[in-house]
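Quick caveat, the model's predicted, so the values are computed rather than measured. The analysis underlying the following values was restricted to heavy atoms, covering all of them including side chains, and did not include hydrogens, waters or symmetry mates.
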Amino acid sequence: MDRNDCAIAIDLGGTKLASAIVDRLGKIGYRKKIATLRDEPRATIDQIEQAIRQAGEAAACAGKIGMVVPGIYFSDSGCVWAPNLWGDRKVPLRAELEKRLNMPIVIDSDRAGYVLGEQWMGIASGISDCVYLAVGTGIGAGIISGGHLVRGASDIAGAVGWFALNPERKERYKEVGCWEAESAGPALARHAGTVTAEEAIAAARNGDARAQNALREAARYLGLGIANIVSLLNPGMIILGGGLMQAADLFIDIIRETMEEWAQPVAARQVRIEISALGEDAGLLGAAHLALGI
């Protein structure tokens, strides 16, 4: 790769930290993935700094750095609010990394990175109105409308995990929102009686009735939330990604049927619901897209 025509891409997640070198054609060279150090921001920042330096040394890449983060990235201050990592704290991530590295870094939310990656190199190529719905530990949506990334007045657009889909408010909704509490990985595990969502999926595949019922209920809520997105934004495509979508074959039909039942009918007939073509690479490609200014 031309060292001046590539970027260091960082995808910070709740469980993993991925790094890569990506060129302007979307080709990924060097890549590495490690478990994220959580709870203490300084430990996480140390880890990110090391990942950036290792990637730069491995590929002799010039100083373009793009990064996507979970939760909310506040562009004005450069702070990150990521409760799945650091609890209810705003961490001045951009300032700290730029101070350490002595170079600029472009940061955005992971949901923004996912949809940018899919539009650039994935299944949404050429589509000007699309939504990437990430379903894993949490639920978030990256939105491109009229060819433009939608961030909102306070960079919070896409926090769809807070969709109100149940009129009977439960205590856990106060922490993560109704949709996330009913459909994300922890909800699936809780309803299936397992420790993790992965265990729930494995149990469902093995015929466990409780796990299968839990998966169907999560899928029904996913269909309801997607119906609201379809009616509100009239996207050409909704891309489904995140850890839970590794089991999409078990429940994609329920999602589509529920969406069609509840969404505005004309918009429902026009939208395509697809599984991410990029998988875990969506965030890395989105981060590189941001850094390269494509």
Side-chain angles (χ1 to χ4, degrees), residues 109-136 138-152 156-167 177-185 187-188 201 204 212-279 282 285-286 289:
S109 69
D110 54 4
R111 56 185 179 270
Y114 298 152
V115 74
L116 287 171
E118 286 287 350
Q119 191 194 46
W120 179 32
M121 296 299 301
I123 199 166
S125 177
I127 296 179
S128 61
D129 291 85
C130 55
V131 175
Y132 185 107
L133 185 69
V135 187
I139 296 179
I143 304 165
I144 293 178
S145 181
H148 300 286
L149 185 66
V150 177
R151 291 188 172 89
I156 304 175
V160 296
W162 291 87
F163 272 8
L165 303 178
N166 183 357
C178 172
W179 193 10
E180 187 168 309
E182 298 293 353
S183 286
L188 174 61
I201 291 166
Q212 290 176 339
N213 288 335
L215 205 58
R216 282 193 290 269
E217 185 67 2
R220 190 177 72 86
Y221 268 101
L222 285 171
L224 289 171
I226 290 170
N228 288 345
I229 292 173
V230 169
S231 299
L232 177 66
L233 296 173
N234 184 207
M237 180 183 291
I238 292 180
I239 309 108
L240 303 179
L244 206 60
M245 291 306 145
Q246 295 176 11
D249 59 297
L250 296 177
F251 54 76
I252 187 67
D253 289 342
I254 297 174
I255 290 175
R256 289 192 172 115
E257 290 167 4
T258 305
M259 182 279 293
E260 291 171 358
E261 181 180 3
W262 288 88
Q264 201 284 334
V266 178
R269 286 193 295 270
Q270 293 175 341
V271 70
R272 291 168 54 193
I273 297 179
E274 304 287 351
I275 305 301
S276 167
L278 301 178
L285 287 164
H289 184 284

Novice: Look up atom OG in S183 and atom CG in L165, then write down how far apart they are to the nearest 0.5 Å.
Specialist: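 These two atoms lie 7.5 Å from each other.
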Novice: What pairs with W120 under ring-ring contact (aromatic ring centres under 6.0 Å, His included), at least two apart in sequence or on another chain?
Specialist: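 Only H289 meet the ring-ring contact (aromatic ring centres under 6.0 Å, His included) criterion with W120.
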Novice: Counting only N and O atoms by type, is there a donor-acceptor contact under 3.5 Å from the side chain of W162 to the main-chain atoms of W179?
Specialist: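 Not confirmed, W162 side chain does not pair with W179 backbone.
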Novice: Is a donor on one side and an acceptor on the other found under 3.5 Å between the side chain of D129 and the backbone of S145?
Specialist: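 No, D129 side chain to S145 backbone: no donor-acceptor pair under 3.5 Å.
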Novice: Taking CD in Q264 as the centre, count heavy atoms belonging to other residues, nucleotides or ligands within less than 6.0 Å. Is the count above 12?
Specialist: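 Yes, enclosed.
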Novice: Please give me the minimum heavy-atom distance between L224 and T258, naming the atom from each residue.
Specialist: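 The pair with the smallest heavy-atom distance is N-CG2, 3.7 Å.
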Novice: For Y132 and I144, what are the C-alpha separation, side-chain angles and deciding distance, and is it a side-chain contact (heavy atoms from CB on, under 4.5 Å)?
Specialist: CA-CA 9 Å; Y132 185 107; I144 293 178; over 6 Å; no
Novice: Distance from N228 atom CG to W262 atom CH2, nearest 0.5 Å?
Specialist: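 Rounded to the nearest 0.5 Å, the CG-CH2 separation comes out at 9.5 Å.
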Novice: Calculate, to the nearest 0.5 Å, the distance between atoms CG and CD belonging to L285 and Q119 respectively.
Specialist: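 Rounded to the nearest 0.5 Å, the CG-CD separation comes to 13.0 Å.
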Novice: Could you grab the distance from atom CD of E182 to atom CZ of R220, nearest 0.5 Å is fine?
Specialist: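 Here the rounded value is 9.0 Å.
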Novice: Can you tell me how far the CZ atom of R151 sits from the CZ atom of R111, to the nearest 0.5 Å?
Specialist: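 If I round to the nearest 0.5 Å, the distance is 11.0 Å.
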Novice: Examine distances only and state if a side-chain atom of S231 and a backbone atom of A227 form a donor-acceptor pair shorter than 3.5 Å.
Specialist: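 Checking the backbone N and O of A227 against the side chain of S231, a donor-acceptor pair under 3.5 Å is found.
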Novice: Looking at every non-hydrogen atom in both residues, tell me the closest pair between I201 and A247 and how far apart they are.
Specialist: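 Scanning both residues completely, I find the closest heavy atoms to be CG2-CB, 3.5 Å.
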Novice: Measure across L244 and G185 and return the closest heavy-atom pair with its distance rounded to 0.1 Å.
Specialist: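 For L244 and G185, the tightest heavy-atom pair comes out as CD1-CA, 4.5 Å.
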Novice: Here's a test for you: under side-chain contact (heavy atoms from CB on, under 4.5 Å), which of V160, I229, V115, V150 qualifies with I143?
Specialist: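 It is V150; the other options fail the test.
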Novice: What's the shortest heavy-atom distance between I226 and I255, and which atoms?
Specialist: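 Looks like CD1-CG2, 3.6 Å.
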Novice: Indicate yes or no for a side-chain donor-acceptor contact from E180 to the backbone of G138 under 3.5 Å, with no hydrogens or angles considered.
Specialist: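 Such a contact is absent between E180 side chain and G138 backbone.
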Novice: Scan the side chains in residues 232-243 for donor-acceptor partners under 3.5 Å anywhere in the protein, sequence neighbours excluded, and list what turns up.
Specialist:
residue: N234; atom: ND2; partner: Q270; partner atom: OE1; Å: 3.4

Novice: Please report the closest heavy-atom contact between F163 and C178, naming both atoms and the distance.
Specialist: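 Nearest pair, atom of F163 first, then C178: O-CB, 3.1 Å.
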Novice: How many angstroms lie between OG in S128 and NE2 in H148, if you round to the nearest 0.5 Å?
Specialist: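 Those atoms lie 9.5 Å apart.
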Novice: State, yes or no, whether a side-chain contact exists between M245 and L222 at a heavy-atom distance under 4.5 Å.
Specialist: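 Yes. Closest side-chain heavy atoms under 4.5 Å.
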Novice: Please list all pairs passing the salt bridge (Lys or Arg N to Asp or Glu O under 4.0 Å) test where one or both residues lie in residues 236-249, with sequence neighbours left out.
Specialist: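 Every pair satisfying salt bridge (Lys or Arg N to Asp or Glu O under 4.0 Å) with a residue in residues 236-249: R205-D249.
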Novice: Between L278 and G117, which heavy-atom pair has the shortest distance, and what is it?
Specialist: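 Scanning both residues completely, I find the closest heavy atoms to be CD1-O, 3.3 Å.
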Novice: Check the side chains of S276 and E118 for a donor-acceptor pair under 3.5 angstrom, ignoring hydrogens and angles.
Specialist: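 Yes, because at least one side-chain N or O of E118 sits under 3.5 Å from a partner of the opposite role on S276.
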Novice: Under a 4.5 Å cut-off applied to non-hydrogen side-chain atoms, are R216 and I254 in contact?
Specialist: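 In contact.
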Novice: Evaluate the side-chain contact (heavy atoms from CB on, under 4.5 Å) criterion for residues L215 and L188: first the C-alpha distance (whole Å), next the side-chain angles of each, then the deciding distance (0.1 Å), finally the verdict.
Specialist: CA-CA 6 Å; L215 205 58; L188 174 61; 3.6 Å; yes
